[in-house]
Novice: 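Handing you a structure now.
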2 protein chains.
Amino acid sequence: MQIGELSNITGVAAHTIRFYEARGLLPKSTRGSNGYRSYDQQSVRLLTIIQCAKRLGFKLENIAEFLGDAITSNADEKLDHDKLLQRLDVRLQEVDTLMATLEAQRSEILTFKQQLKNNLEQGQCLISMEILETA
Amino acid sequence: MQIGELSNITGVAAHTIRFYEARGLLPKSTRGSNGYRSYDQQSVRLLTIIQCAKRLGFKLENIAEFLGDAITSNADEKLDHDKLLQRLDVRLQEVDTLMATLEAQRSEILTFKQQLKNNLEQGQCLISMEILETA
DNA sequence: TATAAGTTTAAAGTATACTTTAAGGTCAAC
DNA sequence: GTTGACCTTAAAGTATACTTTAAACTTATA
């Protein structure tokens with residue numbers, strides 16, 4: 001199939017598919033006699049995997065390595081398995097760190113809102129610089 | 001004081017201070033006879049506020065608007081108050097949305113890890129494409 | 001046959017928050 | 001008077017994941 005059909009099937013824009021190829025997420029595609037890229041079911045599966053990895057929050061760079069491992073899997077498949085688990089754990093760490101940051105922001109925002117409400121109840125409608133500085 | 005001292009006091013790089021001025025987070029600074037920027041305590045306070053707003057996760061663009069409101073506060077100060085609350089609520093929404101995304105990722109990653117472990121226990125050390133596609 | 005739809009490439013643009021670079025002027029101290 | 005620290009500007013670079021643009025070629029349809 002041509003790039004347009006692959007795009008329709010997977011929901012990934014043709015431009016993006018070429019972009020992924022350039023970034024090494026997809027192998028260099030074979031070409032028809034007219035120079036057009038041609039794809040098959042394996043291409044669909046690869047794009048599906050890429051979309052899945054993106055859902056987990058992996059960067060394209062990681063996905064490229066990741067797929068490189070999976071596709072060019074050599075003798076020791078168990079190593080690949082461990083690598084994959086390792087990558088998942090690294091991402092899990094990142095997610096936890098981000099969540100902690102967001103939780104901190106959330107709590108600071110709520111505190112700040114409360115301060116503003118207190119001010120308002122005391123009839124102070126003016127926002128002083130001080131409250132901003134200490135929030 | 002000159003930009004270097006302001007930088008030392010606030011911990012914000014001189015380059016970044018110029019950058020903030022260019023982006024409208026800080027007012028156009030007055031200049032000494034030599035053309036050097038000169039600052040005072042108010043500048044320190046403004047930078048402190050900027051750092052605080054950044055901790056809450058606000059974008060520089062929002063901080064610029066935000067400070068514009070606070071500094072050029074006109075007749076109706078209560079409006080500013082409401083605007084501030086509004087901005088905080090918008091940011092709170094963003095934070096909640098991001099947290100939901102991260103939580104979804106977290107749960108998908110854990111599910112995936114479990115699948116890998118099950119495979120491993122069954123003696124399947126090879127990572128098949130299928131498990132990646134469905135994760 | 002001409003028009004429309006699909007394909008090709010490389011390069012530039014978008015968004016965010018800076019940092020780095022380059023090339024040069026100013027000032028205090030030795 | 002020169003060394004070193006500090007200041008100036010504008011432009012480009014960094015990172016990420018694309019999207020947009022331009023200019024051109026191929027194929028299917030009317």
Side-chain angles (χ1 to χ4, degrees), chain A residues 1-26 28-40 43 46-47 49-67 90-91 94-95 97-98 101-102 105, chain B residues 1-26 28-40 43 46-47 49-67 90-91 94-95 97-98 101-102 105:
Chain A
M1 72 183 86
Q2 292 185 177
I3 201 168
E5 195 178 343
L6 181 60
S7 171
N8 285 336
I9 293 175
T10 59
V12 178
H15 268 300
T16 306
I17 294 174
R18 292 191 200 98
F19 174 75
Y20 285 166
E21 179 182 323
R23 287 301 186 83
L25 278 82
L26 297 173
K28 292 268 176 193
S29 52
T30 56
R31 303 296 180 110
S33 53
N34 51 12
Y36 288 11
R37 288 172 177 79
S38 70
Y39 298 99
D40 56 13
S43 316
L46 278 174
L47 273 176
I49 293 171
I50 290 169
Q51 287 174 300
C52 160
K54 277 175 60 63
R55 269 210 321 282
L56 301 189
F58 284 103
K59 292 180 188 172
L60 296 193
E61 190 186 339
N62 294 137
I63 300 176
E65 296 168 1
F66 178 88
L67 284 180
V90 168
R91 179 60 194 155
E94 288 173 7
V95 169
T97 301
L98 286 171
T101 302
L102 288 176
Q105 289 187 1
Chain B
M1 73 183 87
Q2 294 183 175
I3 200 168
E5 194 177 344
L6 180 61
S7 172
N8 285 337
I9 292 175
T10 59
V12 178
H15 267 301
T16 306
I17 294 173
R18 293 192 200 97
F19 174 74
Y20 284 167
E21 180 181 322
R23 286 301 185 83
L25 278 81
L26 296 174
K28 292 268 178 195
S29 53
T30 56
R31 302 297 180 110
S33 53
N34 51 14
Y36 288 12
R37 288 173 177 80
S38 70
Y39 297 100
D40 56 14
S43 317
L46 278 174
L47 273 176
I49 292 170
I50 290 168
Q51 286 174 302
C52 161
K54 276 174 60 62
R55 267 213 320 282
L56 301 189
F58 284 103
K59 290 180 189 174
L60 294 194
E61 189 186 340
N62 293 137
I63 300 176
E65 296 168 2
F66 177 89
L67 285 180
V90 168
R91 178 60 193 156
E94 287 173 8
V95 169
T97 301
L98 286 172
T101 301
L102 288 176
Q105 289 187 2

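Naming convention: chains lettered A, B, ... in sequence-line order (proteins, then strands); numbering from 1 in each chain.
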Novice: Are the side chain of A/Q51 and the backbone N or O of A/G11 linked by a donor-acceptor pair below 3.5 Å?
Specialist: no
Novice: How would you label the contact of B/R18 with the nucleic acid (heavy atoms, under 4.0 Å): base, sugar-phosphate, or nothing?
Specialist: base
Novice: Counting only side-chain heavy atoms from C-beta out, which of D/dT21, D/dT9, C/dC18 sits nearest to B/Y20?
Specialist: C/dC18
Novice: Please state how far atom OH in B/Y36 lies from atom C1' in C/dA28, giving the value in whole angstrom units.
Specialist: 11 Å
Novice: Does A/I3 or B/N34 map to a spot on DNA chain C nearer the 5' end, using the closest nucleotide for each?
Specialist: A/I3
Novice: D/dC6 P sits how many Å from B/M1 CE, rounded?
Specialist: 16 Å
Novice: So which heavy atom on A/S7 is nearest to which on A/V12, and how close?
Specialist: OG-O, 2.7 Å
Novice: Could you tell me whether the phosphate oxygens of D/dT8, OP1 or OP2, come under 4.0 Å of any side-chain nitrogen or oxygen in B/R37?
Specialist: yes
Novice: Could you state the atom-to-atom distance from OH of A/Y39 to C1' of C/dT7 in whole Å?
Specialist: 11 Å
Novice: Whole angstrom is fine here: how far is it from CG in B/L6 over to P in D/dC7?
Specialist: 10 Å
Novice: Check whether any side-chain nitrogen or oxygen of A/R31 sits under 4.0 Å from OP1 or OP2 of C/dT9, and answer yes or no.
Specialist: yes
Novice: How many whole angstroms separate atom CG of A/L60 from atom C1' of D/dA15?
Specialist: 12 Å
Novice: The side chain of A/K59 lies closest to which of these nucleotides: C/dC18, D/dT16, D/dT9?
Specialist: D/dT16
Novice: If only side-chain N and O atoms of B/R23 are considered, is one of them under 4.0 Å from the OP1 or OP2 phosphate oxygen of C/dA17?
Specialist: no
Novice: Looking at D/dT19, I'd like to know if its phosphate oxygens (OP1 or OP2) sit under 4.0 Å from a side-chain N or O belonging to A/T16.
Specialist: yes
Novice: Quickly work out the A/E65 CD to D/dT16 P distance and round it to whole Å.
Specialist: 11 Å
Novice: Kindly point out which of D/dC7, C/dT20, C/dA10 is positioned nearest to the side chain of B/H15?
Specialist: C/dT20
Novice: Donor-acceptor pair, distance only, cut-off 3.5 Å: does the side chain of B/N62 make one with the backbone of B/E65?
Specialist: no
Novice: So which atom in B/Q105 and which in A/V95 form the shortest heavy-atom distance, rounded to 0.1 Å?
Specialist: OE1-CG2, 3.9 Å
Novice: Rounded to the Å, how far apart are A/K28 NZ and C/dT8 P?
Specialist: 13 Å
Novice: Determine the minimum heavy-atom distance between A/L56 and A/R91, stating which atoms define it.
Specialist: O-NE, 3.1 Å
Novice: Could you say whether A/Q2 or B/E61 is positioned toward the 5' end of DNA chain C, judged by the nucleotide with the nearest heavy atom to each?
Specialist: A/Q2
Novice: May I have the distance from B/F19 (atom CZ) to C/dA15 (atom P), rounded to whole angstrom?
Specialist: 14 Å
Novice: Quick one: is A/K54 getting a side-chain N or O under 4.0 Å of the D/dT16 phosphate, OP1 or OP2?
Specialist: no
